[in-house]
Engineer: 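Shown below is the structure under consideration.
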Amino acid sequence: MDNGSGDAATTAQADSVDATALDDPADGLLEFVRGIVPVDWLSTLIVVAIALLVTAIASRLAVKLIRRVLSHDSVPLPSSSIFVNIVRVVVWAIGISVILSSCFGINVSAAIAALGIGGIAISLGFQDTLSNLISGLQLSIMGIVEPGDNVEIGGQRGIVRDITWRHTTITTATGERIVIPNSVLNTSALVQLPPPRKVVVPISVVAEGSELTGLSAAIAEAATQAAQTVGGVEGEASVQFSDVTAFGFSGTVVLWVEEGVDPAQAKDAVVRAVAPFTRTAHDAVGF
């Protein structure tokens with residue numbers, strides 16, 4: 001008898017709960033969602049927004065710091081974007097990990113471990129990207145190429161502008177922008193050319209050894225005056241003899257032009273100016 005009355009009371013209570021849920025379906029849906037995800041979404045969204053803002057500020061400060069550190073002459077690393085991008089990715093990875101752990105209760109370490117097998121497949125899919133990233137780090141850390149270098153790669157000459165996590169950008173003398181993957185740059189022959197403002201003219205002269213001092217001074221003066229007709233010159237030209245040949249002495253004329261001066265035009269003017277001071281091998285043997 002008591003069991004029958006108890007079952008009746010339970011049934012009546014369940015009917016009253018169902019009736020209440022039907023009377024106010026919004027409250028019932030809210031209770032259902034809270035039963036699945038026991039999180040206060042309003043406060044969680046506020047915390048997530050604050051955490052994202054803090055991460056963005058920390059990322060910007062870290063980028064400014066690494067740029068300032070890399071700009072110092074005492075730091076052996078070049079001021080390439082690849083290091084800035086790595087720092088930015090690390091800061092955001094830490095920030096997102098903190099958000100997932102504190103706001104959503106996700107064990108980031110366990111998630112990374114669970115994705116270990118999948119990470120192998122992902123790494124195979126991004127094989128080219130990883131190859132370019134590693135190659136860029138090798139080029140930058142070993143100092144093989146830095147922004148501002150004048151290089152020749154695969155027949156292309158230009159100034160290195162930046163090294164990113166994927167490619168290296170160079171600008172040619174005609175203003176063309178060439179993008180070369182880091183993996184290609186790491187496996188190709190790279191020629192380090194003189195700086196673009198440095199004008200180097202090889203020369204060969206036939207003279208007595210006692211005449212070299214006066215001859216080099218005359219060549220330097222002529223080269224400086226010729227280059228000044230094209231644009232500004234930093235200091236005076238220098239003449240350096242490096243070899244003694246069967247027909248005379250060989251060396252180079254070196255001078256620096258100011259920023260904005262076309263080095264090709266300056267070199268042409270210098271060659272024309274120093275030509276009267278040199279003789280060919282045929283002249284040296286009396287042909």
Side-chain angles (χ1 to χ4, degrees), residues 59-60 62-93 123 125-202 227 231-235 238 240 242 252-268 270:
S59 176
R60 179 168 297 184
V63 167
K64 288 184 178 180
L65 177 61
I66 192 65
R67 288 187 186 276
R68 181 174 299 180
V69 171
L70 293 176
S71 63
H72 290 171
D73 296 335
S74 59
V75 178
L77 298 177
S79 56
S80 303
S81 296
I82 186 170
F83 300 108
V84 176
N85 293 334
I86 291 176
V87 170
R88 185 182 288 115
V89 169
V90 169
V91 173
W92 276 102
S123 63
F126 288 92
Q127 184 175 2
D128 292 339
T129 301
L130 293 175
S131 176
N132 288 323
L133 175 60
I134 296 174
S135 298
L137 287 174
Q138 290 177 345
L139 293 171
S140 299
I141 294 176
M142 298 178 64
I144 298 176
V145 62
E146 300 179 1
D149 287 351
N150 189 20
V151 298
E152 179 179 354
I153 306 168
Q156 301 289 343
R157 293 188 176 187
I159 308 299
V160 178
R161 296 305 179 189
D162 195 11
I163 304 173
T164 65
W165 59 276
R166 185 171 178 80
H167 58 260
T168 298
T169 305
I170 66 174
T171 304
T172 63
T174 58
E176 297 177 340
R177 182 171 174 267
I178 302 177
V179 177
I180 304 175
N182 293 332
S183 58
V184 174
L185 186 64
N186 198 32
T187 56
S188 301
L190 185 146
V191 181
Q192 289 281 0
L193 302 174
R197 296 190 300 110
K198 184 179 181 180
V199 177
V200 180
V201 178
V233 178
E234 295 181 357
S238 64
Q240 301 173 348
S242 56
T252 55
V253 180
V254 180
L255 60 84
W256 293 80
V257 296
E258 294 181 353
E259 192 73 30
V261 178
D262 188 358
Q265 294 182 3
K267 186 173 183 178
D268 177 75
V270 171

Engineer: With rounding to the nearest 0.5 angstrom, report the OG to CZ distance, Ser183 to Arg166.
Structural biologist: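 Ser183 atom OG to Arg166 atom CZ measures 8.5 Å (nearest 0.5 Å).
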Engineer: If we ignore hydrogens and angles and just use 3.5 Å, is the side chain of Asn182 paired with the main-chain N or O of Leu133 as donor and acceptor?
Structural biologist: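 No, because the side chain of Asn182 does not come within donor-acceptor range (under 3.5 Å) of the backbone of Leu133.
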Engineer: Calculate, to the nearest 0.5 Å, the distance between atoms CD1 and CD1 belonging to Ile178 and Ile159 respectively.
Structural biologist: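 The CD1 atom of Ile159 is 11.5 Å from CD1 of Ile178, to the nearest 0.5 Å.
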Engineer: Does the Arg197 side chain pair with the main chain of Glu258, one donor and one acceptor, at a distance under 3.5 Å?
Structural biologist: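 No, the answer is negative, given that no donor and acceptor are paired below the 3.5 Å cut-off.
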Engineer: Kindly give the heavy-atom pair with the smallest separation between Phe83 and Leu137, and that separation in Å.
Structural biologist: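 So the minimum-distance heavy-atom pair works out to CE2-CD2, 4.3 Å.
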Engineer: Look up atom CD1 in Ile170 and atom CG in Asn150, then write down how far apart they are to the nearest 0.5 Å.
Structural biologist: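 Spacing of CD1 (Ile170) from CG (Asn150) equals 9.0 Å.
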Engineer: Quick one: does Ile82's side chain get under 4.5 Å of Thr164's, heavy atoms only?
Structural biologist: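 No; the side chains remain at least 4.5 Å from each other.
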Engineer: Using the rule given for side-chain contact (heavy atoms from CB on, under 4.5 Å), can you reason through Glu146 versus Val160, listing the C-alpha separation, both sets of side-chain angles and the distance that settles it, and then say yes or no?
Structural biologist: CA-CA 7 Å; Glu146 300 179 1; Val160 178; over 6 Å; no
Engineer: Do Ile153 and Thr168 have side-chain heavy atoms sitting under 4.5 Å apart?
Structural biologist: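 Result no, sub-4.5 Å side-chain heavy-atom pair not found.
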Engineer: For Arg161 and Pro147, work out which heavy atoms get closest and say how close.
Structural biologist: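 In this case the closest contact between Arg161 and Pro147 is O-CB, 3.8 Å.
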Engineer: Which pair of non-hydrogen atoms, one from Ala62 and one from Val91, has the smallest distance, and what is that distance?
Structural biologist: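 Residues Ala62 and Val91, closest heavy atoms: CB-CG2, 4.0 Å.
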Engineer: Under the rule for salt bridge (charged side-chain N to carboxylate O under 4.0 Å, His left out), what residues qualify as partners of Asp162, not counting sequence neighbours?
Structural biologist: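 Testing Asp162 for salt bridge (charged side-chain N to carboxylate O under 4.0 Å, His left out), a comparison that skips the adjacent residues, returns none.
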Engineer: Do you know the tightest heavy-atom contact between Val199 and Pro263?
Structural biologist: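 That closest heavy-atom pairing would be CG2-O, 4.0 Å.
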Engineer: Distance from Ile66 atom CD1 to Asn85 atom CG, nearest 0.5 Å?
Structural biologist: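 Taking CD1 in Ile66 and CG in Asn85, the distance rounds to 11.5 Å.
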Engineer: Has Gln192 got a side-chain atom pairing as donor or acceptor with Ile144's backbone, closer than 3.5 angstrom?
Structural biologist: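 Indeed, once roles are kept as given, a pair shorter than 3.5 Å links the two residues.
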Engineer: Among all residues two or more places apart in sequence or in another chain, which pass the side chain to side chain contact (heavy atoms under 4.5 Å, CB included) test with Arg157?
Structural biologist: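 Checked Arg157 against side chain to side chain contact (heavy atoms under 4.5 Å, CB included); matches are Glu152, Leu193.
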Engineer: If I compare all heavy atoms of Val179 with all of Pro181, which pair ends up nearest, and what's the gap?
Structural biologist: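 The answer is O-CD, 4.1 Å.
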Engineer: What's the separation between atom OG1 in Thr169 and atom CZ in Arg177, rounded to the nearest 0.5 Å?
Structural biologist: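 Here the interatomic distance stands at 4.5 Å.
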Engineer: Indicate yes or no: at least one non-hydrogen side-chain atom of Val254 is less than 4.5 angstrom from one of Lys198.
Structural biologist: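 When only atoms from C-beta onward are counted, Lys198 and Val254 do touch, with a gap below 4.5 Å.
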Engineer: In Å, rounded to the nearest 0.5 Å, how long is the span from CG of Leu190 to CG of Leu139?
Structural biologist: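 These two atoms lie 8.0 Å from each other.
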